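Following: one structure in structure tokens, then a few remarks.
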Amino acid sequence: MNAVVKPELESRTASFLSRTHKLFINNEWVEPESGKAIDVINPATGKVFARAAAGGAADIDKAVRAARAAFESGPWPSMPPIERAQLIWKLADAVEAAADEIGYILSLDNGMPMMMAKFAGALGTARNLRYMAGWCGKIDGAVPTTAEPNKLAYTLKDPVGVVGAITPWNFPFAMEADKVGQAMASGCTLVLKPAELTPLGAILLARLVQEAGIPPGVINIVTGYGDPAGKALVEHPDVDKITFTGSTATGKWIVQAAAATLKRVTLELGGKSPTFIFPDADLERAIPGAAMSVFANAGQICVAGSRLYVHKKVFDQVVEGVSGMAKRLKVGPGLEPDSQMGPLISQRQLERVTGYIESGKTEGAQVVVGGGRRAGEGYFLNPTVLAQTHRSMKVMREEIFGPVVCAMPMDDDDLDRIAKIANDTTYGLSAYIWSRDVSIVHKLARKIKAGTVQVNGGVGLDPAVPFGGYKQSGWGRERGRDGIESLTETKAIGISL
Ligand code: NAD
């Protein structure tokens with residue numbers, strides 16, 4: 001392990017990292033039926049540093065039964081909303097208190113810089129949980145004015161029931177805790193299957209769920225592979241809703257599998273988001289903003305601004321600025337205090353991303369900076385800027401999910417044509433506009449087909465703001481009122497007066 005790591009964190013987490021973790025069902029730690037474990041690899045070294053249970057269909061069944069029992073009986077269904085909110089706050093407090101350990105372990109698990117893991121991963125999560133706690137007592141129905149006189153109708157928002165959550169590896173812990181917070185706030189119970197590449201965030205979360213005193217069966221965590229564990233969760237007849245974050249390919253499979261039981265499904269999928277920089281933009285902010293929207297977390301961000309369109313008047317200046325940032329970014333293990341960008345998650349992901357860079361080169365793109373991996377151990381790739389790209393190239397059409405940005409000059413001022421460029425993709429997750437002209441900003445934002453449009457930096461991932469995608473970037477929304485309502489059923493009650 002790295003010499004610069006704070007020794008106290010190393011010793012505080014040593015026993016956690018040395019054991020083979022079990023499954024968390026009904027607030028108990030249980031062995032998986034298979035008796036097998038997943039080797040967890042530190043992407044900065046390529047070496048195994050922890051082990052987590054490889055859960056399967058039988059374990060999922062056990063977890064679903066625990067979640068069903070907790071949903072139907074016990075303290076959860078009759079708990080006053082304010083008490084549910086207090087439990088979510090307790091969980092948030094526990095997350096905050098453990099922020100250093102969480103940051104340290106997430107950095108090993110996923111490779112991201114430790115400070116990012118601590119602030120975005122742990123402290124950001126505590127904030128989001130507290131936001132969600134506020135919803136517990138505010139999930140209201142309505143009183144529609146009926147078409148017929150002498151009738152009274154009102155609606156209730158019932159919790160949807162047992163929720164199956166499946167998460168990817170790019171933001172472990174935060175992604176899982178968000179799903180936990182929303183499920184608890186809406187009164188549901190949950191079975192969570194985290195990504196097999198990064199199971200430790202969810203295991204940490206399970207320990208905090210236990211510490212916060214959340215009743216047994218409300219939150220259950222089954223680590224394991226997509227097939228069999230994720231698959232069994234999607235196919236389970238007693239799961240009412242699947243909330244999935246991951247690739248579009250898996251999302252499509254989930255839709256087909258969920259059809260057998262007509263489960264409700266929310267999908268948060270991939271993206272190929274455009275960034276537009278207009279000549280009047282504040283370039284001092286736009287350049288680092290555009291760069292970090294695709295280099296942060298080694299580009300493994302669903303909302304990465306991976307297609308960079310810059311007005312021809314400032315194109316050279318912006319490409320030079322973004323390339324300069326790419327050159328200066330300190331790439332290294334997340335536990336080194338000065339690292340700004342960690343490794344990619346796996347050898348497979350490294351090969352996938354370098355494959356895209358090669359395909360860009362073959363199709364005529366110019367590598368302005370980066371393009372190669374870093375020598376030595378781990379899955380490090382230098383931040384890469386490609387120019388002379390074209391809409392027909394694979395690098396411009398497919399999600400790369402790595403630190404690679406494709407820059408294109410924009411010699412147009414016609415917003416309809418610019419919007420057409422933005423929408424020239426099967427995805428529709430996010431878009432970025434950098435301009436000081438309110439007219440450009442509002443007109444273009446309306447024309448773009450994306451779930452989120454960020455202007456001059458925008459809102460980031462604020463828990464109050466609905467998040468999700470148009471087109472093949474997903475179904476439905478998480479966060480804010482939309483996220484809560486996505487975990488409810490509307491019941492209409494009609495009375496003849
Ligand atoms: P993935 O689809 O390969 O895996 C995601 C999860 O699905 C994992 O837990 C995996 O075990 C599970 N899974 C795989 N096959 C399954 C199956 N047949 N049934 C049930 N579960 C199954 O995605 P990934 O590579 O882990 O994540 C990267 C993708 O996630 C990218 O496309 C990225 O854009 C997307 N993502 C989207 C958002 C968003 O909010 N829109 C956020 C983060 C990541």
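As the structure lists them, so they are numbered: ligands from 1, and atoms in each ligand from 1. Note that the structure is predicted; figures quoted are calculated from it, not measured. No hydrogens, no waters, no symmetry mates; every other heavy atom, side chains included, goes into these values.
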Report each N/O pair between ligand 1 and the protein that falls under 3.5 Å, naming both atoms.
unit_1   : atom_1 : unit_2 : atom_2 : d
ligand 1 : 2 (O)  : S247   : N      : 3.0
ligand 1 : 2 (O)  : S247   : OG     : 2.6
ligand 1 : 2 (O)  : T250   : OG1    : 2.7
ligand 1 : 9 (O)  : T167   : O      : 2.7
ligand 1 : 9 (O)  : K193   : NZ     : 3.0
ligand 1 : 11 (O) : K193   : NZ     : 2.7
ligand 1 : 11 (O) : E196   : OE1    : 2.5
ligand 1 : 11 (O) : G226   : N      : 3.2
ligand 1 : 19 (N) : K231   : N      : 3.4
ligand 1 : 23 (O) : S247   : N      : 3.3
ligand 1 : 25 (O) : W169   : NE1    : 3.1
ligand 1 : 26 (O) : W169   : NE1    : 3.0
ligand 1 : 30 (O) : G246   : O      : 3.2
ligand 1 : 32 (O) : E399   : OE1    : 2.6
ligand 1 : 34 (O) : E399   : OE1    : 3.4
ligand 1 : 34 (O) : E399   : OE2    : 2.6
ligand 1 : 41 (N) : L269   : N      : 3.2
ligand 1 : 41 (N) : L269   : O      : 2.7

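- Looking at K157 and T490, their side chains do bring a donor and an acceptor atom within 3.5 Å of each other.
- A donor-acceptor pair shorter than 3.5 Å can be found between the side chains of E176 and T167.
- In this structure R68 satisfies the side-chain hydrogen bond (donor to acceptor under 3.5 Å, both in side chains) test together with E72, D238, D240, sequence neighbours excluded.
- With no hydrogens or angles considered, no side-chain donor-acceptor pair links T425 and K272 at under 3.5 Å.
- With sequence neighbours left out, F16 forms a ring-ring contact (aromatic ring centres under 6.0 Å, His included) with H21.
- K118 meets the side-chain hydrogen bond (donor to acceptor under 3.5 Å, both in side chains) test with D100; sequence neighbours excluded.
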